[in-house]
Chemist: 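Have a look at the structure that comes next, please.
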Amino acid sequence: MPTSQVKLFRKMLPGWELDMGGKELPGVLIFEIGGAAGILESHVEFLKTHFNLITMKEFQKSKEELHEKIKSIFVFDGRPLIDRQLLESLPNLKVVGNSGVGVNHLDLKLISSFGAKITNTPHAVSDSTADIGMALMLASARRLVEGCHIAMSPQTKHFAVDWLGVEVTRATLGIIGMGSIGYKVAKRAKAFDMNILYHNRNRRKEEEERLVGATYCKSIEELLQQSDFVMLVVSLTSETYKLIGKRELELMKPTAILINICRGAVVDQDALGEALQNGIIKAAALDVTDPEPLPRDHQLLQLKNVIITPHIGTATVQALRMMTEETVENTLAVLNDLPIPSEVNPN
Ligand SMILES: O=C(O)C(=O)CO
């Protein structure tokens, strides 16, 4: 039997050359291969060197014998849905590996009550999601989408715009949430000579030093009042649900732009629509909404000062590859009793 080598993209756990020789590969339940919420076909060969992949279709047709082989579930784009019934049918489940950083679609307490660990992939997603944050900020500031429509419209005879954008250079960016994505946003914003404010539950002195300047705002209010751009990069929890509502929007500058790259429900979207129509803030750029997609008659879709992208924070070849690798790392760590690179605390 060949030795299966764990390829670590971060090379952070030394000595990870697990000898799988002679052992049966652990069963992993996946939603499907291919399709919108399926494992990418190009990742299957790599995954099969470590695991016995079982799709939901195979699982549903199978007998208990197969259920007993399943040690892990890989969740991609929220699927498969993990409910009590599924958990009860997997007596040897040890880990649920979520591809992506946000775990608001998982019932963490329920999963951990079945003795399974939960992992996510904060490292894999941070660059691509920070890039989308920068792309949305620049696109909104320079009115890229409106410009693109004018340049491509069959009605356009000559280029003349009756509006001006604003520059991000030397402007103040307020980042709400200084986790791995927030930090990467700040790093990029530094290259634009932006003045960086951030709010986080805990002050992140190490990140401040690494960035050579980022000012901690203990209160969100202070950050909202001072920022030209406000970027949301928090996890969705009961504490951050509708964190940005009417009151918070009214604290922002009338010239400010709101960028959301975390979860739609962090913003009160009705309040946002009103604020955008009434000049309370200038514009919004959203990679996430609640729900996704928004109903076609939603007020946010009618406004010229809004850009919406279809939750593409991690939609790159590189990010998906790294998410798969980070999930493999996490899963193998749990199954081999090694330190878990990215474990989610169910509390
Ligand atoms: O990693 C996640 O949870 C994302 O939604 C990235 O956009």
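Counting convention: from 1, in listed order, for ligands and their atoms alike. For this chain, numbers begin at 1 and follow the sequence in order.
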Chemist: So which pairs with a foot in residues 216-259 pass ring pair (Phe, Tyr, Trp, His ring centres under 6.0 Å), sequence neighbours left out?
Modeler: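 Sorted pair list: Tyr198-Tyr216.
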Chemist: Keeping to residues at least two apart or across chains, list the ring pair (Phe, Tyr, Trp, His ring centres under 6.0 Å) pairs with something in residues 55-75.
Modeler: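 Qualifying pairs, neighbours excluded: Phe51-Phe74, Phe59-His67.
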Chemist: Is the shortest side-chain N to carboxylate O distance from Glu32 to Arg79 below 4.0 Å?
Modeler: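 Salt bridge absent between Glu32 and Arg79.
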Chemist: Using modelled atom types and a 3.5 Å cut-off, is there a donor and acceptor pairing between side-chain atoms of Gln269 and backbone atoms of Thr289?
Modeler: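 Side chain of Gln269 to backbone of Thr289, a donor-acceptor pair under 3.5 Å: no, none is there.
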Chemist: Check whether Asn330 reaches the backbone of Thr121 with its side chain - one donor and one acceptor, N or O, closer than 3.5 Å.
Modeler: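 Checked: no pair found.
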Chemist: Could you give all pairs that pass the ring pair (Phe, Tyr, Trp, His ring centres under 6.0 Å) test and reach residues 158-187, with sequence neighbours left out?
Modeler: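 For residues 158-187, and leaving out neighbouring residues, there are no ring pair (Phe, Tyr, Trp, His ring centres under 6.0 Å) pairs at all.
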Chemist: What are the distances between nitrogen or oxygen atoms of ligand 1 and protein nitrogen or oxygen atoms, counting only those under 3.5 Å?
Modeler:
unit_1, atom_1, unit_2, atom_2, d
ligand 1, 1 (O), Val101, N, 2.8
ligand 1, 3 (O), Val101, N, 3.3
ligand 1, 3 (O), Gly102, N, 2.8
ligand 1, 3 (O), Arg263, NH2, 2.8
ligand 1, 5 (O), Arg263, NH1, 2.8
ligand 1, 5 (O), Arg263, NH2, 3.4
ligand 1, 5 (O), His311, NE2, 2.7
ligand 1, 7 (O), His311, NE2, 3.3

